[in-house]
Amino acid sequence: MFLKPEPTIKDLKGLLESANFTLDQLLNMYYQMNLIREFEEAIGAKYYEGKNPFNMASGPIRGEMHLSSGQEAVAVGVGGNLRKEDVVVSTHRPHHHAIAKGTDIRKLAAEIFGKSTGLCGGKGGHMHLFDKEVRFSCSGIVGASFPQAAGAAFAFKYRGGGQRRRGLCWRGGRKSRNLLRDLERRFPVGTSADSCDRG
């Protein structure tokens, strides 16, 4: 395996120029990545309150919690190329994708805490988010984002819309039998659903 040396400042400037990003766009992306990280760290700290010895049913946030710290750049990179009418279907680690897509952070937090002011009235929890306003959803089932994204793609094609859809998964979801096998047979990988590897 060939390892590339770290890019120089000159290399980075060249990459930025070729990508046609403005300084405002870059600063906004950096802001979003920091917002996502701070949100995840705050939720993570609250989650463990009252759970000694560990009891998922106790504390201010009940149930399981899957955070996405360290994955902010993927969410912001994908979200930065989407329009409001485009659809994102995320995984059981959805907070960063929801924030990058434009979900109201207060409604997102309220949903995680089980409050009636949450995205789903506090009934979905953190793995079953749905935001009709920004066209975001997720599923706690590994690989379930692919059939949902394919359904959105079919609806767009049927209606003649120019919307895009993104079904996001990690390594485990990519290996599920949930539609992906059929997609890989018929299309080159990545044309119908994007997958992002987590190292």
Side-chain angles (χ1 to χ4, degrees), residues 6-7 12 15 19 21 25-82 86-115 117-120 122 124-131 134-146 148-149 166-176 193-199:
E6 289 293 319
L12 292 174
L15 288 170
F21 285 120
Q25 288 172 318
L26 292 171
L27 289 173
N28 183 50
M29 293 166 84
Y30 182 71
Y31 169 79
Q32 278 195 312
M33 288 189 287
N34 277 305
L35 176 67
I36 292 167
R37 175 65 65 97
E38 288 178 19
F39 181 85
E40 292 292 79
E41 288 177 354
I43 291 294
K46 277 289 187 194
Y47 177 71
Y48 286 104
E49 285 182 10
K51 288 189 170 46
N52 279 338
F54 189 76
N55 178 357
M56 286 193 323
S58 65
I61 302 174
R62 297 185 175 147
E64 293 184 42
M65 180 59 60
H66 301 92
L67 300 173
S68 55
S69 294
Q71 301 169 20
E72 301 87 357
V74 172
V76 172
V78 170
N81 289 303
L82 296 174
D86 295 334
V87 170
V88 170
V89 183
S90 187
T91 67
H92 64 289
R93 290 183 203 281
H95 310 155
H96 59 319
H97 297 138
I99 294 169
K101 183 64 171 91
T103 293
D104 183 312
I105 200 165
R106 293 180 193 277
K107 289 181 181 178
L108 175 60
E111 185 62 35
I112 292 169
F113 282 94
K115 305 287 184 192
T117 55
L119 293 167
C120 304
H126 96 100
M127 287 192 288
H128 304 283
L129 302 171
F130 181 75
D131 189 345
V134 299
R135 305 187 100 182
F136 174 84
S137 66
C138 66
S139 174
I141 300 169
V142 174
S145 58
F146 290 116
Q148 294 171 20
R166 292 291 180 260
L168 300 162
C169 79
W170 301 117
R171 192 167 288 151
R174 195 180 63 186
K175 293 179 182 178
S176 79
D194 293 334
S195 64
C196 307
D197 268 356
R198 184 174 73 179

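Just so you know, these numbers come straight off a predicted model, no measurement behind them.
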Work out which heavy atom in A75 is nearest to a heavy atom in A100; give both atom names and the distance. O-CB, 3.3 Å
Tell me the closest heavy-atom pair linking E64 and Y47, and the distance in Å. CA-OH, 3.6 Å
Pairwise distance NZ(K107) to SG(C120) - rounded to 0.5 angstrom: 11.0 Å
Going from NE2 on H92 to CE on M65, what distance comes out if it is rounded to the nearest 0.5 angstrom? 12.0 Å
What's the shortest heavy-atom distance between V88 and K101, and which atoms? CG2-CD, 3.8 Å
Return the CG to CG distance between N81 and D86, rounded to the nearest 0.5 Å. 10.0 Å
Just how far is it from atom NZ of K115 to atom CZ of R106, taken to the nearest 0.5 Å? 14.5 Å
For H96 and S68 the tightest heavy-atom approach is ND1-OG, 3.0 Å
Closest contact, heavy atoms only, G44 versus L67: CA-CD1, 3.6 Å
Quick one: are F39 and I43 in side-chain contact, heavy atoms under 4.5 Å? yes
When you compare the side chain of H126 with that of I61, does any pair of heavy atoms fall below 4.5 Å? no
Can you tell me how far the CG atom of L108 sits from the OG1 atom of T103, to the nearest 0.5 Å? 6.5 Å
Test your reading of the model: is there a side-chain donor-acceptor pair from K51 to the backbone of S58, 3.5 Å cut-off? yes
Can you tell me if E111 uses its side chain to pair, donor with acceptor, with the backbone of G124 under 3.5 Å? yes
Between the CG atom in N28 and the CE atom in M33, the distance rounded to the nearest 0.5 Å is 10.0 Å
E72 (side chain) donor-acceptor with G70 (main chain) under 3.5 angstrom: yes
Given the options L129, T91, V89, C138 meets side-chain contact (heavy atoms from CB on, under 4.5 Å) only with L129
What I'd like to find out is whether the side chain of S69 reaches to under 4.5 Å of the side chain of R37, using heavy atoms alone. yes
Let me know which of H97, M127, H95 forms a side-chain contact (heavy atoms from CB on, under 4.5 Å) with S90. H97
Looking only at heavy atoms, which two atoms of F136 and P94 are closest? And how far apart? CZ-O, 3.7 Å
